[in-house]
Amino acid sequence: MLCKIIPEKCIACGLCQLKAPDVFDYYDNGIVRFKDSEQLEVNFKDPLPEEILTAYQKCPTRAIELKK
Ligand code: SF4
């Protein structure tokens, strides 16, 4: 499944990194990035790790998108 982050929508709340610290990280200004990639999209093998789904659901601004 494709996981996409949209930095323009991110309000630097920190929730996604709290829920999925192995996947999400932040730039110095608090805006989300992937921990292991500078890209805005990362493809994860199914089944999608539960922590990513939780981060997706908790993001208050929908700055994280999941696509098949
Ligand atoms: S949960 Fe959403 S708004 Fe909060 S830091 Fe992560 S991407 Fe940004």
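One-based numbering along the sequence shown. Indexing begins at 1, ligand by ligand and atom by atom, following the structure's order.
Shown in contact with Thr61 at under 4.0 Å from a heavy atom are these atoms of ligand 1, numbered in order with element: 3 (S). If you number the atoms of ligand 1 from 1 as listed, the ones under 4.0 Å from a heavy atom of Ile11 come out as 3 (S), 8 (Fe).
Residue-and-atom listing of protein N/O/S atoms under 2.8 Å from atom 6 (Fe) of ligand 1, sorted by chain and number: Cys16 SG.
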For residues 58-68, which side-chain N or O atoms pair as donor and acceptor with protein atoms under 3.5 Å away, sequence neighbours left out?
residue	atom	partner	partner atom	Å
Thr61	OG1	Lys9	O	2.8
Arg62	NH1	Tyr56	O	3.3

Donor-acceptor pairs under 3.5 angstrom involving side-chain atoms of residues 36-55: please list them, not counting sequence neighbours.
residue	atom	partner	partner atom	Å
Ser37	OG	Gln39	N	2.9
Glu38	OE1	Tyr27	OH	2.9
Glu38	OE2	Arg33	NH1	3.1
Thr54	OG1	Glu50	O	3.0

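Side-chain heavy-atom separations under 4.5 angstrom define the hydrophobic clusters, and Ile31 shares its cluster with no other residue.
Placement of Leu15 and Tyr26 in two distinct hydrophobic clusters is found when ILVMFWY residues are connected by side-chain heavy-atom separations under 4.5 Å, directly or transitively.
Under the 4.5 Å side-chain criterion, counting only non-hydrogen atoms from C-beta, Phe34 is in contact with Val23.
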